[in-house]
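Below you'll find the structure, written out as structure tokens, and then a few comments.
This chain uses plain numbering: 1 for the first residue, then up along the sequence. What's counted below: heavy atoms across the whole structure, side chains too, no hydrogens, waters or symmetry copies. As the structure lists them, so they are numbered: ligands from 1, and atoms in each ligand from 1.
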Amino acid sequence: MSEIAEVKLQDLNTQDFIEEKVRQISSLVGEAEAINALSGGVDSSAVTMLGHRALGSRLKTYFVNNGLMRENEPQEIVSLFKKLGVNVEIVDAQEEFFNALKSITDPEEKREAITQTFYKDVFGKLVKMSGAKYLLQGTILTDVDETVAGIKRQHNVFEQLGIDPQEAFGYKIIEPLVQLRKDGVRKVAQALGLPESMFRRMPFPGPALAARIIGEVTLEKIKTVRVATKIVEEELSSSGAFQYMAILHQDRVTGMRLGKRDFGLQIEVRCWDSVDARKAAPRRLPYDTLDRLANRVVTEVGGVVSVTYNITTKPPSTMEAI
Ligand code: XMP
């Protein structure tokens, strides 16, 4: 396992970095075809732009609709990239992901099911269809660190776990951002000409809303956490915090509605201040904001009778719930 040479923010010259990565991608891929998955996050967006600079139309970019994304996310990302001159094809893989997640409650098993479905089933098929030899992806150093340390198995880390993607999935993986952390990626994304809404975009995990459901992931639970996520994002977008989210708990609690007992759902809200996601602290949100959030969630999200705000730091918490 080779050691990854970190490029720290203060040492990052974005133009040199971009030139070097474009050169590396071109020489590795040669005349072959490559594909990549765009999720709309800053990492995969930066990789998409680097890949298109290096390979032009020999890079095919897909948005995998796993059914676990936020409201309207697939359409919004595709139209944004269209404006940047990059054609993105949506792949409907909702059924595959929900089937793979059926009956699984353990967090790491959920992550593994998502990883296998994404890389083996969905991408395996796309690679075969397209004849591509390479997959470009936006793994960053924090993903590798946490996976190797055994804290969380990030969906996109293989080589550092001793997994050879060529053997496991039938294609090679190129990771142009693996020496950077989130702050460095944002700088590179800006230098690549991505709009501010993208290079400042809040991080969102690969396993998407499945990372925010405790217990089994079902379509119904995804719908619930999706509505709660929309409310939390609307209410906290002006906070400037690093990341904020809604989590759907498995346990129910007794509530009351219209004078009757309602054994209902619980939503937990988290809002993090962080520089690079390695450490994080909860934002001290004004009570009025929390009040508004709670009111909206119990009014607009069906079945929810309890809203809590997490006041723990990372560590010992992690940022996502699973
Ligand atoms: P944690 O929960 O490990 O999260 O404190 C740190 C940062 O990483 C994101 N995250 C993920 N990103 N695949 C990803 O691409 C994953 O499996 C994953 N798990 C967590 C999380 O949103 C936070 O920004």
Qualifying residues under salt bridge (charged side-chain N to carboxylate O under 4.0 Å, His left out), relative to Glu6, sequence neighbours excluded
Arg181
Regarding Arg70 and the six-membered ring of Phe204, is the cationic atom NZ or CZ under 6.0 Å from the ring centre and inside 45° of its axis?
yes
Cut-off 3.5 Å, no hydrogens considered: what does the side-chain donor-acceptor table look like for residues 257-266, sequence neighbours left out?
unit_1, atom_1, unit_2, atom_2, d
Arg257, NE, Asp262, OD2, 3.3
Arg257, NH2, Val298, O, 3.3
Arg257, NH2, Val304, O, 2.5
Arg261, NH1, Thr254, OG1, 3.4
Gln266, NE2, Asp251, O, 3.3

Apart from Ile247 itself, what residues make up its hydrophobic cluster, given side-chain heavy atom links below 4.5 Å?
Ile214, Phe242, Met245, Trp272, Met319
For the side chain of Arg111 and the backbone of His155, is there at least one donor-acceptor N/O pair under 3.5 Å apart?
no
Do the ring centers of Phe81 and Phe63 come within less than 6.0 Å of each other?
no
Present, as a list of atom pairs with distances to 0.1 Å, all nitrogen or oxygen contacts under 3.5 Å between ligand 1 and the protein.
unit_1, atom_1, unit_2, atom_2, d
ligand 1, 2 (O), Lys152, NZ, 2.6
ligand 1, 2 (O), Met319, N, 3.2
ligand 1, 2 (O), Glu320, N, 2.8
ligand 1, 3 (O), Glu146, OE1, 2.6
ligand 1, 5 (O), Lys314, NZ, 2.7
ligand 1, 5 (O), Met319, N, 2.8
ligand 1, 12 (N), Gln154, OE1, 3.3
ligand 1, 13 (N), Gln154, OE1, 3.2
ligand 1, 13 (N), His155, ND1, 2.9
ligand 1, 13 (N), Gly206, N, 3.3
ligand 1, 15 (O), Gly206, N, 3.2
ligand 1, 17 (O), Arg111, NH1, 2.6
ligand 1, 17 (O), His155, N, 3.4
ligand 1, 19 (N), Arg111, NH1, 3.4
ligand 1, 19 (N), Arg111, NH2, 3.2
ligand 1, 22 (O), Gln243, NE2, 2.8
ligand 1, 22 (O), Glu320, OE2, 2.5
ligand 1, 24 (O), Gln243, OE1, 2.8

